[in-house]
Amino acid sequence: MAVDRILIVDDESSLLGLLEKYLQRMGYSVVACSTAAEGWKSFSPEPDQYALAVIDYSLPDRNGDSLLGEMLALRPDLPAVLCSGYPIDISDIPAGPGQLEALQKPFTPRMLGEVIQRLLAQEPV
């Protein structure tokens with residue numbers, strides 16, 4: 001069985017490192033990026049290599065919803081978690097039912113792990 005690869009894009013380096021370690025302990029392969037540009041550079045050449053993306057809404061170089069929109073244009077079935085310290089509206093993001101969740105900061109790594117497991121369980125086999 002292949003290990004699920006997760007892309008995390010967040011500019012808070014301490015949170016990025018914590019989430020990366022936690023998800024690796026859960027058995028996931030993690031690619032951690034601190035800018036939207038790095039996230040896009042990692043994702044765009046091989047979008048099918050990722051099981052899920054976790055993206056911070058407020059990134060220094062671009063909004064996370066904009067990055068996610070481009071990712072979904074390449075891979076429409078990509079499950080994703082959009083994170084923010086503020087309430088956000090994800091209804092205008094072109095994702096299918098059960099494919100996208102918003103998670104408000106602060107959250108625990110365990111909360112993120114539960115959201116990821118729920119989203120991946122909904123993927124078609």
Side-chain angles (χ1 to χ4, degrees):
M1 179 178 158
V3 175
D4 287 329
R5 180 182 289 173
I6 295 177
L7 175 67
I8 304 176
V9 184
D10 198 304
D11 62 323
E12 287 182 56
S13 60
S14 58
L15 179 62
L16 188 62
L18 175 69
L19 296 178
E20 180 180 17
K21 287 181 178 125
Y22 182 82
L23 294 175
Q24 285 172 340
R25 274 183 276 178
M26 288 182 70
Y28 297 110
S29 168
V30 178
V31 175
C33 302
S34 59
T35 66
E38 286 176 23
W40 180 250
K41 186 176 178 182
S42 296
F43 179 80
S44 60
E46 298 183 295
D48 292 331
Q49 296 299 309
Y50 291 92
L52 184 137
V54 178
I55 303 171
D56 185 25
Y57 185 83
S58 299
L59 295 165
D61 55 337
R62 178 175 182 189
N63 278 349
D65 62 337
S66 170
L67 172 62
L68 179 57
E70 283 195 16
M71 293 167 84
L72 289 170
L74 270 187
R75 170 108 182 274
D77 65 337
L78 178 72
V81 182
L82 198 57
C83 308
S84 177
Y86 304 96
I88 54 174
D89 180 12
I90 59 171
S91 63
D92 60 343
I93 297 173
Q99 181 182 352
L100 176 64
E101 288 203 29
L103 192 58
Q104 189 163 343
K105 292 179 178 182
F107 57 83
T108 64
R110 182 178 180 181
M111 290 166 66
L112 177 61
E114 290 170 356
V115 169
I116 288 171
Q117 288 177 324
R118 184 168 55 245
L119 285 169
L120 292 179
Q122 294 179 22
E123 275 195 312
V125 177

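All heavy atoms count here, side chains included; hydrogens, waters and symmetry mates do not. Residue numbers count from 1 along this sequence.
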Sequence neighbours excluded, the answer for ring pair (Phe, Tyr, Trp, His ring centres under 6.0 Å) partners of F43 is Y50

In Å and rounded to the nearest 0.5 Å, what is the CD1 to CG distance from I55 to N63?
11.5 Å

Just grab all the salt bridge (charged side-chain N to carboxylate O under 4.0 Å, His left out) pairs involving residues 30-39, residues at least two apart or on different chains.
none

Contacts of type side chain to side chain donor-acceptor pair (under 3.5 Å), residue E114, not counting sequence neighbours:
R110

Polar side-chain atom of D61 near backbone of A37 as donor-acceptor pair, under 3.5 Å
yes

Which residues share a side chain to side chain donor-acceptor pair (under 3.5 Å) with K41, sequence neighbours left out
none

Do you know the tightest heavy-atom contact between S42 and L7?
CB-CD1, 4.3 Å

If you define the side chain from C-beta out and look only at heavy atoms, does anything of L68 sit under 4.5 Å from L100?
yes

Is L103 close to L112 at the side-chain level, that is, under 4.5 Å between some pair of heavy atoms?
yes

Distance-minimising heavy-atom pair for D56 and L59:
O-CG, 3.5 Å

side-chain contact (heavy atoms from CB on, under 4.5 Å) involving A32 - partner list, sequence neighbours excluded
L16, E20

Residue set satisfying side-chain contact (heavy atoms from CB on, under 4.5 Å) with S66, at least two apart, ordered chain then number -> R62

Which distance, rounded to the nearest 0.5 Å, do you find between the OG of S58 and the CG of D10?
9.5 Å

Residues in side-chain contact (heavy atoms from CB on, under 4.5 Å) with P109, at least two apart?
L18, L19, Y22

Looking only at non-hydrogen atoms, find the nearest pair between A53 and L78 and report the distance.
CB-CD2, 4.0 Å

Other residues, nucleotides and ligands only: do more than 12 of their heavy atoms fall within 6.0 Å of NZ on K21?
no

Quick check for you: to the nearest 0.5 Å, what is the distance between T35 atom OG1 and D11 atom CG?
9.0 Å

Result block: side-chain N/O donor-acceptor pairs under 3.5 angstrom for residues 79-92, not counting sequence neighbours:
from	atom 1	to	atom 2	distance (Å)
S84	OG	Y86	N	3.0
S84	OG	Y86	O	3.0
D89	OD1	S91	N	2.9
D89	OD1	S91	OG	2.7
D89	OD2	S91	OG	3.1

Not counting sequence neighbours, which residues clear side-chain contact (heavy atoms from CB on, under 4.5 Å) with Q117? List them please.
M26, Y28

Heavy atoms of A51 and L120 approach each other most closely as O-CD2, 3.5 Å

Which heavy atom of Q49 sits nearest to which heavy atom of R5, and what is that distance?
O-CB, 3.3 Å

Roughly how far, to the nearest 0.5 Å, is CD1 of I6 from CG of L23?
5.0 Å

Side chain to side chain donor-acceptor pair (under 3.5 Å) involving Q24 - partner list, sequence neighbours excluded:
none

Kindly write out the residues that satisfy side chain to side chain donor-acceptor pair (under 3.5 Å) with E101, not counting sequence neighbours, or none if the list is empty.
R118

Where is the tightest heavy-atom contact between L72 and A95, given as atom of each residue plus distance?
CD1-CB, 4.3 Å

